[in-house]
Amino acid sequence: MSLLSSNNPKPHVVLFPFMSKGHTIPILHLSRLLLDHGCEVTLFTTPVNRPYIVHSLPGDDITIIDLPFPADIPEIPTGIESTDKLPSMSLFLPFARATKLMQPYFEKTLQTLPYVTCIVSDQFLHWTVESATKLGIPRLGFFGMSNYANALSRDAAVNGLLSLHESADEPFNLTSFPWIKLTRNDFDDPFNKREPSGPLFDFVIESVIAMSNSYGLLVNSFYELEPLYVDYCNRESKPKAFCVGPFCLTRLPIIEPVLHQERRWIQWLDQKLAQGNPVLYVAFGSQAEISSTQLTEIARGLEESNVTFLWVVRKSGTELGYEFEDRIKERGMVVKEWVDQKQILEHKIVQGFLSHCGWNSVLESLCAEVPILAWPMMAEQLLNAKMVVEEIKIGLRVEAVNRSGNKFVEAESLKNKVKELMEGEKGDEVRKKVKDVAEAARNSMKEGGSSWKTLNELIKEIHLKNGTDS
Ligand SMILES: O=c1ccn([C@@H]2O[C@H](COP(=O)(O)OP(=O)(O)O[C@H]3O[C@H](CO)[C@@H](O)[C@H](O)[C@H]3O)[C@@H](O)[C@H]2O)c(=O)[nH]1
């Protein structure tokens, strides 16, 4: 049921995703969700990102506007407008900072649009809060993390727990969640320091301040998944967190694969289904950087595990050598292109996911009832992995060792964990649990479910408030 009566104009929501696949994909799903809730939607992007967005959102019911991506940014090669195309993730910060140069164009364009009910913009586009305030439009910050990761980070920071110990490996208990033990190594650089500082730290703080000056936080999660942590965030920090996901449960119109290749792995999965061989899906998101040594170790672990696997390497893959692909060709497939991950996870024969635990991957996996073998690599993924294994219990975790200051997973250990997930008792337990969690996720997104109601009421609240303010 729509929140609108026939004589009420439709709410008009402006969406502005950050230019990174892990941040744009959920916003594309959100755009469909907003249409289903009776809104008009305008989405801002940049020229190079436009084709991907148009391809993902066929039809003309969403207005797509390009703003020029800032040119001549030192270090950022011309034509790169998405973080997954950066030559190195060390360029993330100059890339993210450069987006602020879009502010005048954004504001000028906003003023030409029909009445805007609210702006939903990514946490990294912190400057959009200034634009929204100037034009008197409420801004909702899109928050791509879980409430769990947010609550744990906040609790550790505000209670000074990160500076307690000399050693980054020394565990401490959280103040508000005393049953949870963390170490500084559960946080990414620079948050693993006793006194975090530096340009990335400053950028994150700017984003946090912009969030606190926003109308609300739109979270890609659902209340039943992490009630304690949602309640904590809403009690201890501002603005209010609205859990309106998982967005990945929103169906985008079916897109016919443009290339024959796009179907190659699906045909292969179909074959494995016919043969009754459960498949482990292996992928590490859109921006993980994996060394060649680690890549060959993964290859050896997978080969020796004897499980059937589909591995998206997203590299030339030459490091693996052609002999590897030849040796495993009966029970393994290596893919070097971009895939439709959701489609793979939803394939019946996929029964495990070796994942870096980017928040979208976690949600897509749990919604597809696929248990996770967690291998966190950066950002808040260590906390997501902890949540997957200890809190919601839908996965197991790989064991990393310290090698030359880096976390490294050895082939033998990977082999054992992969077998445990795909064939062992612990694997069965998490496979059973993930089905319950998936059902709760589906219920939250159904008409009348918690996420559905929260989104409906939020739009109504802002829409009516705008009406009385004007
Ligand atoms: O070949 C590919 C590779 C990725 N994806 C999709 O790309 C997204 C990747 O997102 P995610 O799993 O969250 O990983 P990252 O790209 O690494 O995401 C970044 O953004 C996330 C959301 O803020 C954070 O949780 C992560 O730590 C951060 O690395 C998912 O929707 C995947 O389905 C594909 O469809 N095909």
Side-chain angles (χ1 to χ4, degrees), residues 17-30 49 52-53 55-56 82-86 89 92 95-96 121-125 141-150 153 186-189 191 200 204 207 211 217-221 245-250 252 255 257 259 261-262 264-266 281-290 310-315 317 333-347 350 353-368 370 372 374-388 395:
F18 182 65
M19 303 82 185
S20 132
K21 292 286 188 300
H23 290 238
T24 299
I25 292 171
I27 293 286
L28 296 180
H29 286 111
L30 174 64
N49 288 305
Y52 175 76
I53 289 179
H55 175 71
S56 309
S82 181
T83 60
D84 46 287
K85 297 279 185 319
L86 286 171
M89 276 312 282
F92 170 82
F95 180 93
S121 56
D122 193 277
Q123 56 186 334
F124 291 150
L125 303 175
F142 168 63
F143 194 64
M145 286 171 33
S146 62
N147 294 283
Y148 178 89
N150 190 16
S153 310
D186 284 316
F187 297 90
D188 201 6
D189 194 38
F191 302 93
L200 183 60
V204 171
S207 307
M211 278 294 193
L217 224 69
L218 217 54
V219 190
N220 189 6
S221 183
F247 298 159
C248 61
L249 283 176
T250 311
L252 293 180
I255 307 160
L259 298 171
Q261 268 183 330
E262 271 181 316
R264 194 164 48 92
W265 41 91
I266 298 297
Y281 170 55
V282 182
F284 305 108
S286 65
Q287 47 195 33
E289 291 175 331
I290 301 172
L310 171 61
W311 180 12
V312 179
V313 269
R314 302 208 58 248
K315 280 199 166 189
M333 179 180 241
V334 176
V335 177
K336 292 155 195 166
E337 301 94 318
W338 183 263
V339 298
D340 182 342
Q341 174 166 300
K342 230 161 76 76
Q343 192 189 16
I344 291 177
L345 283 167
E346 284 166 4
H347 197 287
V350 174
F353 182 12
L354 173 58
S355 166
H356 72 316
C357 291
W359 186 235
N360 299 294
S361 290
V362 171
L363 289 173
E364 289 162 11
S365 198
L366 81 80
C367 289
V370 175
I372 295 173
W375 183 346
M377 298 187 176
M378 56 177 269
E380 89 301 10
Q381 295 155 16
L382 288 126
L383 300 176
N384 294 344
K386 203 172 175 66
M387 179 183 188
V388 159

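Counting convention: from 1, in listed order, for ligands and their atoms alike. Values below: every heavy atom of this structure, side chains too, minus hydrogens, waters and symmetry copies.
To the nearest 0.5 angstrom, Gln381 atom CD is 10.5 Å from Phe284 atom CZ. We find the CE-OG distance between Met387 and Ser221 to be 5.5 Å, quoted to the nearest 0.5 Å.
Both tests do not hold together for Lys386 against Tyr148: distance to the six-membered ring centre under 6.0 Å, angle to the ring axis within 45°.
Remark: Phe191 pairs with Phe201 by the ring-ring contact (aromatic ring centres under 6.0 Å, His included) rule, at least two apart or across chains. With sequence neighbours excluded, the residues satisfying side chain to side chain donor-acceptor pair (under 3.5 Å) with His347 are Asp270. With sequence neighbours excluded, the residues that form a ring-ring contact (aromatic ring centres under 6.0 Å, His included) with Tyr281 are Phe353.
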Can you list every pair where an N/O of ligand 1 is under 3.5 Å from an N/O on the protein?
from	atom 1	to	atom 2	distance (Å)
ligand 1	1 (O)	Val339	N	3.1
ligand 1	10 (O)	Asn360	ND2	3.3
ligand 1	12 (O)	Ser361	N	3.0
ligand 1	12 (O)	Ser361	OG	2.5
ligand 1	13 (O)	Trp359	N	3.4
ligand 1	13 (O)	Asn360	N	3.1
ligand 1	13 (O)	Asn360	ND2	2.9
ligand 1	14 (O)	His356	NE2	3.0
ligand 1	16 (O)	Ser286	N	3.1
ligand 1	16 (O)	Ser286	OG	2.5
ligand 1	17 (O)	His356	NE2	2.9
ligand 1	23 (O)	His23	NE2	3.3
ligand 1	23 (O)	Gly144	O	3.3
ligand 1	25 (O)	Trp359	N	2.8
ligand 1	25 (O)	Glu380	OE1	3.4
ligand 1	25 (O)	Glu380	OE2	2.5
ligand 1	27 (O)	Glu380	OE1	2.8
ligand 1	27 (O)	Gln381	NE2	3.0
ligand 1	29 (O)	Gln287	NE2	3.4
ligand 1	29 (O)	Gln381	NE2	3.1
ligand 1	31 (O)	Glu364	OE2	2.6
ligand 1	33 (O)	Gln341	NE2	3.4
ligand 1	33 (O)	Glu364	OE1	2.6
ligand 1	33 (O)	Glu364	OE2	3.3
ligand 1	35 (O)	Val339	O	3.1
ligand 1	35 (O)	Gln341	N	3.4
ligand 1	36 (N)	Val339	O	2.6

